[in-house]
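One structure below.
Atoms considered below: every heavy atom in the structure, side chains included; atoms not considered: hydrogens, waters and symmetry mates. Keep in mind that this is a model prediction, so the values were computed, not measured.
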Amino acid sequence: MSLTSAGSVGRLLIDNPAPHVARLTISNPGKRGALDQAILDSFARTMPQLDARCVIITGEGRTFSAGYDIGDLGGWGRNVFADEAEKLVAHPFAAAIDAVDAYPYPTIAALNGHAIGGGLELALSCDLRVAAEPVTFGMPPAKLGLVYSHTGIRKFIDVIGAPRTRELFLVGGRVDAGTALSWGLVNSVFAADDLAERALALATEVAGNAPLAQRGNKHVIRSVLDGEATLAPDVESELLALRHACFSSEDFREGVRAFAEKRAPNWKGR
């Protein structure tokens, strides 16, 4: 089964490879698994409808996800660019991530290929992550002129701590699977040809555990983390305003143009 919208390149493929296990596969091969609006909307629509006791999220072939599908934004006029960029990054992506976060049973990201930007946040929204050996991970907001969401950055701090989060976001480079394992960014690393089988074995084991305990323990873990990360309303408003302002900045527009044109950006600091 697949979900898509008319005229869209990307699809979300759905199957049930084992009892009580659902698998969602990002299929957008022409854009390295980029998360276009159709795929994001499919996540938001599909996750609440599932009743599996474990969900695997993976990519097609040797690609997991290159993140937001921003490659087509660069040629638009300034006002249209800002509006469309915010519509993609702020709403459909947030709705998809919220749907994955809210799933009551355990979720597993099977990282069969590179996980970059929003693709990596999608993986961190899962409870467990297993990766193929050649995979690399990266967060490129600094290279795009993008201020990342405070809720997204919090996920990284929860998983790998503040020092490694600073390294990912402020340097903007990539880390390999072995480094990701040592940081705790992934739970296990397998050979590429073994990943799908090992991920399914893990999902089958997870799905075989007591459902009430799985739901309850996941809820407790999330509640504890949410309680530790509560922000004062005025601070949260400030962070939201900072992110909102970046969508209209010259640097963000330049960063996306440079990305599309495969060149170094010429930053203006405004």
For S223 and D226, run side chain to side chain donor-acceptor pair (under 3.5 Å): C-alpha distance rounded to whole Å, both residues' side-chain angles, the deciding distance at 0.1 Å, then the answer. CA-CA 5 Å; S223 296; D226 286 346; 5.8 Å; no
Ignoring hydrogens and angles, tell me if any N or O in the side chain of S182 forms a donor-acceptor pair with the backbone of T179 under 3.5 Å. yes
Between F156 and F169, how do the two ring planes meet: parallel, tilted or perpendicular, split at 30° and 60°? perpendicular
Take D101 and K155 through the side-chain contact (heavy atoms from CB on, under 4.5 Å) test and state the conclusion after the steps. CA-CA 11 Å; D101 273 334; K155 285 188 177 71; 3.1 Å; yes
Could you check whether D158 pairs with R154 (Lys NZ or Arg NE/NH1/NH2 to Asp/Glu carboxylate O, under 4.0 Å)? yes
Please test D193 against R62 for salt bridge (Lys or Arg N to Asp or Glu O under 4.0 Å), starting from the C-alpha separation and ending with a verdict. CA-CA 10 Å; D193 291 341; R62 297 296 190 188; 2.9 Å; yes
Would the distance check show the side chain of K218 and the main-chain N or O of Y103 forming a donor-acceptor pair, the cut-off being under 3.5 Å? yes
Same cluster (ILVMFWY, side-chain, under 4.5 Å), I56 and L35: no
Would you say the side-chain atoms of D194 pair up with the backbone N or O of F190, donor to acceptor, closer than 3.5 Å? no
Could R270 and E254 be called an ion pair, given the rule that one side-chain N must be under 4.0 Å from one carboxylate O? no
Is there a donor-acceptor pair closer than 3.5 Å between any side-chain N or O of D176 and the backbone N or O of T136? no
Going through the distances and angles, do D251 and K268 end up as a salt bridge (Lys or Arg N to Asp or Glu O under 4.0 Å)? CA-CA 6 Å; D251 274 359; K268 301 294 185 182; over 6 Å; no
Just by modelled atom types, is the S65 backbone N or O under 3.5 Å from a matching donor or acceptor in the T63 side chain? no
With side-chain contact (heavy atoms from CB on, under 4.5 Å) as the test, would you mind laying out the steps for R198 and L202 before giving the verdict? CA-CA 6 Å; R198 298 296 291 268; L202 177 61; over 6 Å; no
Taking atom types as modelled and ignoring hydrogens, do the side chains of D127 and T107 form a donor-acceptor contact shorter than 3.5 angstrom? yes
In terms of side-chain heavy atoms, does E60 have a donor or acceptor partner in T25 at a distance below 3.5 Å? no
Keeping N28 on the side-chain end and R11 on the backbone end, is there a donor-acceptor pair under 3.5 Å? no
